[in-house]
Amino acid sequence: MWVVTYGDLMSLLLTFFILLLSFSSITEEKFEQALESLRNALGIMPANLSIIHMEQDAQARRPAPRNIERMAREMQRRLQVLGREDDVDLEYEDGGLKISLPSQILFDSAQANVMPAAFPVLDSLADVFRDTPEAFIEVRGHTDNRPLLSAARFEDNYELSYARARSVTNYLNQAGEVPMEQFEIIAVGPSQPVATNETEEGRQQNRRVELYVRGDLDADTLE
């Protein structure tokens with residue numbers, strides 16, 4: 001009888017040492033992966049993962065409903081036809097499209113009336129806006145930081161920046177037939193420079209009108 005008991009004991013010891021050997025070959029990463037698989041199988045969520053986080057991740061994976069890229073391509077094509085693609089900057093920002101129009105193609109110095117030479121550029125933008133009624137357009141006027149001359153029509157750069165943004169908006173609305181309710185006008189003045197105001201080149205870059213286009217755009221809107 002003792003032989004049977006001894007044999008069982010040796011078998012248990014052998015099994016124990018084999019188990020120890022197998023654990024020694026499992027890395028921490030593999031152990032975590034196995035544990036995570038077990039948690040998922042049992043429907044257990046980690047303590048730091050909430051329903052809110054899961055919903056946010058699902059939203060991040062969901063395709064964006066906007067058709068901003070197609071709008072940008074259409075604008076770029078129209079500007080290339082006019083030979084003005086180098087005069088207008090298009091870039092994606094915060095899920096929308098930013099269109100930067102330098103003041104030298106829009107206005108005379110210290111003036112807010114849109115020059116006739118800028119009409120074809122604004123007409124091209126208006127054509128695209130008109131085809132996308134879901135778009136919301138924020139029009140921002142920017143200036144450099146130089147004080148206006150005492151004889152200037154406007155009191156300061158903020159008033160000038162508003163007048164310029166308003167002129168662009170009015171043109172898009174009246175000549176371009178884009179509904180006024182799609183626009184918001186903001187006077188930024190010299191508060192958001194994109195370049196130094198110490199050089200003429202930098203000041204020229206700071207004098208601009210920017211259009212921020214946002215909204216849920218139908219993918220089949222633009223043809």
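Atoms considered below: every heavy atom in the structure, side chains included; atoms not considered: hydrogens, waters and symmetry mates.
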Quick note, side-chain hydrogen bond (donor to acceptor under 3.5 Å, both in side chains) partners involving residues 202-212, not counting sequence neighbours, are His142-Arg208, His142-Glu210, Asp144-Arg207, Asn197-Asn206, Glu200-Arg203, Glu200-Arg207, Arg208-Glu210, Glu210-Tyr212

Applied to residues 154-166, the side-chain hydrogen bond (donor to acceptor under 3.5 Å, both in side chains) test, sequence neighbours excluded, yields Arg166-Asn170

Mind checking the [atom1]-[atom2] spacing from [X] to [Y]? Nearest 0.5 Å is all I need.
{"X": "Ser191", "Y": "Arg140", "atom1": "OG", "atom2": "CZ", "value": "9.0 Å"}
{"X": "Thr169", "Y": "Gln174", "atom1": "OG1", "atom2": "CD", "value": "10.5 Å"}
{"X": "Phe154", "Y": "Leu149", "atom1": "CZ", "atom2": "CG", "value": "13.0 Å"}
{"X": "Ile99", "Y": "Ile137", "atom1": "CD1", "atom2": "CD1", "value": "7.5 Å"}
{"X": "Leu101", "Y": "Leu125", "atom1": "CG", "atom2": "CG", "value": "6.0 Å"}
{"X": "Glu91", "Y": "Leu97", "atom1": "CD", "atom2": "CG", "value": "8.5 Å"}

Are side-chain heavy atoms of [X] and [Y] found at a separation under 4.5 Å?
{"X": "Leu211", "Y": "Lys98", "result": "no"}
{"X": "Asp127", "Y": "Arg78", "result": "yes"}
{"X": "Val213", "Y": "Phe136", "result": "no"}
{"X": "Leu106", "Y": "Met115", "result": "no"}

Members sharing Val188's hydrophobic cluster, built from side-chain contacts under 4.5 Å between Ile, Leu, Val, Met, Phe, Trp and Tyr, are Ile186

### Query
Got a salt bridge between Glu74 and Arg70, using NZ or NE/NH1/NH2 to carboxylate O under 4.0 Å?
no

Checklist entry - Is there a chain of hydrophobic side chains (I, L, V, M, F, W, Y, each step under 4.5 Å between heavy atoms) that links Leu90 to Val81? => result no

- Applying the 4.5 Å side-chain criterion to the ILVMFWY set and letting contacts propagate, would Tyr92 and Leu79 be lumped into a single cluster? yes

Exercise for review: Output yes when a side-chain donor or acceptor of Ser167 lies under 3.5 Å from a complementary backbone atom of Ala112, and no otherwise.
Suggested key: yes

| query | Can you tell me if Thr132 uses its side chain to pair, donor with acceptor, with the backbone of Glu134 under 3.5 Å? | reply | no

Taking every heavy atom of Pro102 against every heavy atom of Ser100, the minimum-distance pair comes out as CD-O, 3.6 Å

Heavy atoms of Phe107 and Val209 approach each other most closely as CE1-CG2, 3.9 Å

Please list every donor-acceptor pair under 3.5 Å in which a side-chain atom of residues 176-184 meets a protein atom from a residue at least two apart or in another chain.
{"residue": "Gln182", "atom": "NE2", "partner": "Ala135", "partner atom": "O", "Å": "2.8"}

Residues passing the side-chain hydrogen bond (donor to acceptor under 3.5 Å, both in side chains) test with Asp87, sequence neighbours excluded, are Arg84

Contacts of Tyr171 meeting ring pair (Phe, Tyr, Trp, His ring centres under 6.0 Å) (sequence neighbours excluded), chain-then-number -> Phe119

